[in-house]
Amino acid sequence: MRRFPRGFLWGTSSAAHQVEGDNRNCDWWEWEQQPRRIANGDSSAIACDHYRRYREDIALLRELNQNAHRLSIEWSRIEPSEGVFDARQIRHYRDVLGELREQSILPMVTLHHFTSPLWFVRKGGWASRDAARGFLPFVHRLVDELGDLVGLWCTINEPSIYAANGWITGEFPPGHHGDLAAQYRVTRNLYRAHELAYAAIKRRRPDTPVGLSHHKFLFLPASGARRDRVAARAAQTVVDRWPVAPGRLQRIVEASSDYIGIAHYWAQLAAFDPRRPRDQFVRRFNPPGRVTEMGFVSDPSWMRGVLSELRRYRKPVYITENGLATEDDSWRELYLAKVLGEVHQAIDDSVDVRGYFHWTNMDNFEWARGYTCHFGLISVDRNTQERTIKASGRAYARIATANALSA
Ligand code: BGC
């Protein structure tokens, strides 16, 4: 048996817009109504109807023996117009968090997970100068009204992915392509919003840990040749550090984070290619191996290295997301056991990992991919909304119950 530290958090991770349904007052809803934005012409629509079925869903988490759950609170529900707060919605989320607490499940609450209210977007959204300040009244209100129920705060979900998908690849709203200047502004504003939120939460609730979720997309050298090793390093620097001012991320981790949240799923190979000046002379491509529904390869053995890199910060680490998009549930079960073995190794290597949040509890609305990706430990029938725990979910429950991996 490989035991995990006492009090280790076993959870799953989710985001409001992907599961709640009928979330109409945000930029994503509007985006989904436009033709060809979402695979198969899907839209989040009723999603998993979790807004109404949260009690049933939390009961399933209990059945899976989870002691933690990461969820996001939808800003556009709480603050439907600028400066106007909806007491009924605040009560709804109090009920959700209260129900989690009742079931002994510690809530990690994300404040921004890819969706923004329409009023905020109309004012220029995250690319505008005052973006970070515009986010603060929502943060203050939540901390005042819900702070007693929150176990951990996660301010912003994956600044780098949000900015790249919205302003470089155009896969997310507002759908801009190659706008490096806006990508820079958005990323800077998101980190600024984190710093302001961190300070605001700490003033009101000094004992509740606050962090954010960083996305770690790995680049590995395509060969042992020096030019490919340099290419991989360059590609990694671009995703990790551009567009952040030098030293900024380090300062955020050191001065404005009680823990490091890390989301890791994928890696690609990087090879030097003189014919690609626009890609920094790097060709990026999938390593050999089975491709997931997302079109990327996921190898559990990458997790140990991702975590080991964080040791130097000497901070608690939570894996805020990790999972596999596939309908082959036995693959997920195997992946999960292997990746948790890697997490255990990292703990042995003295990385202070305190918890693992699997992405995700239920098959849900996977943004631009609609309902084509199946990350869940629980399936959801798209016609009847019936939930069924998969074998991988049962396997995860056994690990959580034992707080250990069996040989
Ligand atoms: C996001 C999730 C998403 C997952 C799988 C993460 O980057 O935070 O919302 O569903 O990746 O693509």
Side-chain angles (χ1 to χ4, degrees), residues 11-21 23 26-29 31-32 37-39 42-44 47-48 50 69-75 108-116 126 154-169 171-173 186-187 190 194 211-218 239-240 260-268 286 291-298 300 302-303 306 318-327 331-332 335-336 339 356-380 392:
T12 55
S13 189
S14 72
H17 190 72
Q18 294 180 267
V19 294
E20 286 183 348
N23 186 32
C26 71
D27 52 352
W28 263 91
W29 183 273
W31 178 253
E32 290 158 29
R37 294 299 191 195
I38 312 293
D42 283 343
S43 103
S44 62
C48 302
H50 173 71
H69 180 61
R70 174 173 176 241
L71 70 159
S72 74
I73 290 188
E74 179 59 35
W75 179 12
M108 176 189 272
V109 170
T110 307
L111 293 166
H112 188 271
H113 197 130
F114 295 168
T115 51
S116 303
W126 285 103
C154 176
T155 57
I156 310 280
N157 185 63
E158 303 178 348
S160 60
I161 293 287
Y162 178 75
N165 288 3
W167 284 267
I168 299 295
T169 67
E171 203 183 308
F172 283 13
V186 170
T187 314
L190 289 168
H194 166 77
L212 77 144
S213 183
H214 303 270
H215 186 94
K216 187 70 185 186
F217 193 111
L218 266 190
V239 288
D240 286 353
I260 302 174
I262 195 89
H264 165 68
Y265 297 83
W266 302 295
Q268 281 196 321
N286 277 343
V291 176
T292 66
E293 288 168 330
M294 290 289 288
F296 292 116
V297 173
S298 291
W302 298 327
M303 184 59 97
V306 167
Y318 291 96
I319 297 154
T320 40
E321 289 183 31
N322 165 257
L324 198 71
T326 179
E327 283 206 280
W331 183 17
R332 182 180 356 269
Y335 176 89
L336 189 50
V339 89
Y356 172 83
F357 293 83
H358 187 76
W359 186 271
T360 178
N361 48 322
M362 296 183 276
D363 288 339
N364 64 30
F365 177 71
E366 179 49 40
W367 307 111
R369 322 275 173 123
Y371 293 100
T372 60
C373 295
H374 304 83
F375 279 97
L377 299 171
I378 299 169
S379 67
V380 178
S392 58

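Order of appearance sets the numbers: ligands from 1, and atoms from 1 within every ligand.
- Closest to atom 3 (C) of ligand 1 among all protein heavy atoms lies E366 OE1, 3.6 Å.
- Rounding to the nearest 0.5 angstrom, the gap separating the CD1 atom in I38 from the CH2 atom in W28 is 5.0 Å.
- The two atoms that bring R369 and E293 nearest to each other are NH1-O, 4.3 Å, heavy atoms only.
- The CD atom of E171 sits 11.5 Å away from atom CZ of R37, with the distance rounded to the nearest 0.5 Å.
- Taking a cut-off of under 4.0 Å to the non-hydrogen atoms of N157, the atoms of ligand 1 that pass are 8 (O).
- For T360 against S13, the heavy-atom pair with the smallest separation is OG1-O, 2.7 Å.
- Of the protein's non-hydrogen atoms, the one nearest atom 6 (C) of ligand 1 is E321 OE1, 2.9 Å.
- L336 and S392 make their closest contact through CD2-O, 4.0 Å (heavy atoms, listed as atom of the first residue, atom of the second, distance).
- Shown here for R70 and T110, the closest heavy-atom pair between the two residues is NE-OG1, 3.0 Å.
- At under 3.5 Å, a nitrogen or oxygen of Q18, whether backbone or side chain, sits near a nitrogen or oxygen of ligand 1.
- Near W266, the atoms of ligand 1 lying under 4.0 angstrom from a non-hydrogen atom of the residue are 12 (O).
- In the vicinity of H113, heavy-atom distances shorter than 4.0 Å reach the ligand 1 atoms 1 (C), 2 (C), 8 (O), 9 (O).
- Atoms of ligand 1 lying under 4.0 Å from at least one heavy atom of F375, given by number and element, are 5 (C), 12 (O).
- Protein heavy atom in closest approach to atom 4 (C) of ligand 1: Y265 OH, 3.4 Å.
- Against a heavy-atom cut-off of under 4.0 Å, M294 is close to the following atoms of ligand 1: 12 (O).
- Looking at every heavy atom in both residues, E74 comes nearest to C26 through OE2-CB, 3.7 Å.
- Each of the following atoms of ligand 1 lies closer than 4.0 Å to a heavy atom of E158: 1 (C), 6 (C), 7 (O), 8 (O).
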